[in-house]
Participant: 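Could you have a look at this structure, given as structure tokens, before my questions?
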Amino acid sequence: MMALCLKQVFNKDKTFRPRKKFEPGTQRFELYKKAQASLKSGLDLKAVVQLPPGESINDWIAVHVVDFFNRINLIYGTMSEYCTERSCPIMSGGLKYEYRWQDDNKYKKPTKLSAPQYMCMLMDWIEMLINNEDIFPTRIGVPFPKQFQQVCTKILTRLFRVFVHVYIHHFDSIINMGAEAHVNTCYKHFYYFIREFSLVDHRELEPLVRMSQGWGG
């Protein structure tokens, strides 16, 4: 249901980055198919995110991090024409929250960027990480690094900021596109997942806390 609806509403040509795909025949591909089947069956999203019996938690997290990257990349790619240097000179979530960019390369200190610049840096950075075999190993028998969940926490925390910016600054555009229900479902799925495995600090969730109240988790 979710994937089908997203295809109908969003223009796949507008993805910010190429979709990351799972290799057929791998354990992660099978996990991905299992997760997608649960999602499409209309099951309660809170149940969908739970770790299937006997499966590796790191594999489950890896599958979801890549899938959320693809989905959020698609949502923002479609919204990006409304998010410009002029309309969004600061990467923010309303007046109260401002997000600065920092990485280990060009921006060694937290740096103020426009929203489009921040999104570009973010998608490049995530793409680099999920394609790095030392962090997201794809070969059977190759273990995940010790810092794997820590890296995923950082990725998911920054992806959450995309939702914050889109909801607070571009919600009218979402409604005009008829995409409100689909973005809401994607956000709810993301929210339940990060809460299920305590992957994002609750303080980071404050900008959208009103929206999430009553969902539990």
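Position 1 is the first residue of the sequence, and the numbers go up from there. Just so we're clear, the structure is a prediction, and the values are computed from it rather than from any experiment.
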Participant: Can you list every pair that meets salt bridge (Lys or Arg N to Asp or Glu O under 4.0 Å) and has a residue in residues 84-94, with sequence neighbours left out?
Facilitator: none
Participant: Taking side chain to side chain donor-acceptor pair (under 3.5 Å) as the definition, give me every residue that meets it alongside Arg158, ordered by chain and number, with sequence neighbours left out.
Facilitator: none
Participant: Of the non-hydrogen atoms in Phe197 and Ile57, which two are nearest, and what is the gap between them?
Facilitator: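 Where Phe197 meets Ile57 most closely, the heavy atoms are CD2-CD1, 3.7 Å.
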Participant: Please report the shortest heavy-atom distance between Pro137 and Pro143, naming the atom on each side.
Facilitator: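 Result for this residue pair: CG-O, 3.5 Å.
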Participant: Is it the case that the side chain of Lys188 and the backbone of Asn184 share a donor-acceptor pair, with hydrogens and angles ignored and the cut-off at 3.5 Å?
Facilitator: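 Looks like no, no N/O pair under 3.5 Å.
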Participant: For Gln149, give me all partners under side chain to side chain donor-acceptor pair (under 3.5 Å), at least two apart in sequence or on another chain.
Facilitator: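 Checked Gln149 against side chain to side chain donor-acceptor pair (under 3.5 Å); matches are Asn58.
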Participant: Would you compute the distance between atom CZ of Phe171 and atom CE of Met79 and round it to the nearest 0.5 angstrom?
Facilitator: 10.0 Å
Participant: Test of understanding: with side chain to side chain contact (heavy atoms under 4.5 Å, CB included), list the residues that count as partners of Pro110, not counting sequence neighbours.
Facilitator: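 For Pro110, the residues satisfying side chain to side chain contact (heavy atoms under 4.5 Å, CB included) (neighbours in sequence not counted) are Arg100, Gln102.
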Participant: To the nearest 0.5 Å, what is the distance between CG (Asn70) and CD1 (Ile126)?
Facilitator: 10.5 Å
Participant: So does Glu127 get a backbone contact from the side chain of Asn131, meaning a donor-acceptor N/O pair under 3.5 Å?
Facilitator: yes
Participant: Less than 4.5 Å apart, any side-chain heavy atom of His64 and any of Phe190?
Facilitator: no
Participant: Taking C-beta and beyond as the side chain, do Tyr99 and Val164 meet within less than 4.5 Å on heavy atoms?
Facilitator: yes
Participant: Would you check if the side chain of Ser80 reaches a backbone N or O of Cys83 as a donor-acceptor pair within less than 3.5 Å?
Facilitator: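 Not confirmed, Ser80 side chain does not pair with Cys83 backbone.
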Participant: Are the aromatic ring centres of Tyr167 and Tyr187 under 6.0 angstrom apart?
Facilitator: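 Judged by ring-centre distance (under 6.0 Å), Tyr167 and Tyr187 do meet the cut-off.
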Participant: Not counting sequence neighbours, which residues clear side chain to side chain contact (heavy atoms under 4.5 Å, CB included) with Gln50? List them please.
Facilitator: Glu196
Participant: Could you grab the distance from atom OG1 of Thr78 to atom CD1 of Ile75, nearest 0.5 Å is fine?
Facilitator: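 Taking OG1 in Thr78 and CD1 in Ile75, the distance rounds to 8.0 Å.
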Participant: Among His170, Arg71, Met119, which residue satisfies the side-chain contact (heavy atoms from CB on, under 4.5 Å) criterion with Tyr76?
Facilitator: Met119
Participant: Kindly write out the residues that satisfy ring-ring contact (aromatic ring centres under 6.0 Å, His included) with Tyr82, not counting sequence neighbours, or none if the list is empty.
Facilitator: none
Participant: Could you grab the distance from atom CD1 of Ile194 to atom CZ of Phe160, nearest 0.5 Å is fine?
Facilitator: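 If I round to the nearest 0.5 Å, the distance is 6.0 Å.
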Participant: With sequence neighbours excluded, tell me which residues meet side chain to side chain contact (heavy atoms under 4.5 Å, CB included) with Asn176.
Facilitator: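 Testing Asn176 for side chain to side chain contact (heavy atoms under 4.5 Å, CB included), a comparison that skips the adjacent residues, returns none.
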Participant: Taking C-beta and beyond as the side chain, do Ser87 and Thr84 meet within less than 4.5 Å on heavy atoms?
Facilitator: yes
Participant: Determine, step by step, whether Cys88 and Tyr118 satisfy the side chain to side chain contact (heavy atoms under 4.5 Å, CB included) criterion, reporting the C-alpha distance in whole Å, the side-chain angles of both residues, the deciding distance to 0.1 Å, and the verdict.
Facilitator: CA-CA 11 Å; Cys88 306; Tyr118 186 101; over 6 Å; no
Participant: Can you tell me how far the SG atom of Cys152 sits from the CG atom of Leu159, to the nearest 0.5 Å?
Facilitator: 10.5 Å
Participant: Is a side-chain N or O of Gln117 found less than 3.5 angstrom from the main chain of Ser114, in a donor-acceptor match?
Facilitator: yes
Participant: Can you sort out the partners of Arg203 under salt bridge (charged side-chain N to carboxylate O under 4.0 Å, His left out), two or more places apart, ordered by chain and number?
Facilitator: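 Expected list: Asp201.
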Participant: Should Leu45 and Tyr191 be marked as a side chain to side chain contact (heavy atoms under 4.5 Å, CB included) after you check the CA-CA gap, both sets of side-chain angles, and the distance that decides it?
Facilitator: CA-CA 10 Å; Leu45 287 171; Tyr191 175 82; over 6 Å; no
Participant: May I ask you to test the Phe193-Leu199 pair for a side-chain heavy-atom distance under 4.5 Å?
Facilitator: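 Result yes, sub-4.5 Å side-chain heavy-atom pair found.
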Participant: Could you list all the salt bridge (Lys or Arg N to Asp or Glu O under 4.0 Å) pairs where at least one residue sits in residues 130-156, not counting sequence neighbours?
Facilitator: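 Checked against salt bridge (Lys or Arg N to Asp or Glu O under 4.0 Å) - neighbours excluded - the pairs reaching residues 130-156 are Glu133-Arg139.
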Participant: Step through it carefully: locate the ring centre of His189, locate the ring centre of Phe68, and say whether they are under 6.0 Å apart.
Facilitator: yes
Participant: By the salt bridge (Lys or Arg N to Asp or Glu O under 4.0 Å) test, which pairs, at least two apart or in different chains, include something from residues 161-170?
Facilitator: Arg161-Glu204
Participant: Give a yes or no on whether Ile90 and Val166 share a hydrophobic cluster (residues Ile, Leu, Val, Met, Phe, Trp, Tyr; joining criterion: side-chain heavy atoms under 4.5 Å apart).
Facilitator: no
Participant: Could you give all pairs that pass the salt bridge (Lys or Arg N to Asp or Glu O under 4.0 Å) test and reach residues 172-186, with sequence neighbours left out?
Facilitator: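 Qualifying pairs, neighbours excluded: none.
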Participant: Applying side chain to side chain contact (heavy atoms under 4.5 Å, CB included), can you list everything that pairs with Tyr107, at least two apart in sequence or on another chain?
Facilitator: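 For Tyr107, the residues satisfying side chain to side chain contact (heavy atoms under 4.5 Å, CB included) (neighbours in sequence not counted) are Trp101, Asp103, Thr111, Leu113, Met121.
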Participant: Do the two ring centres, one from Phe148 and one from Phe136, sit under 6.0 Å apart?
Facilitator: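 Yes, ring centres under 6.0 Å apart.
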Participant: Is a side-chain donor or acceptor of His165 paired with a backbone partner of Ser92 at a separation under 3.5 angstrom?
Facilitator: yes
Participant: Taking all heavy atoms of Tyr192 and all of Val49, pick out the closest pair and write down the distance.
Facilitator: O-CG2, 3.8 Å
Participant: Can you tell me how far the OG1 atom of Thr138 sits from the CD1 atom of Ile130, to the nearest 0.5 Å?
Facilitator: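 Going from OG1 on Thr138 over to CD1 on Ile130, the span is 12.0 Å.
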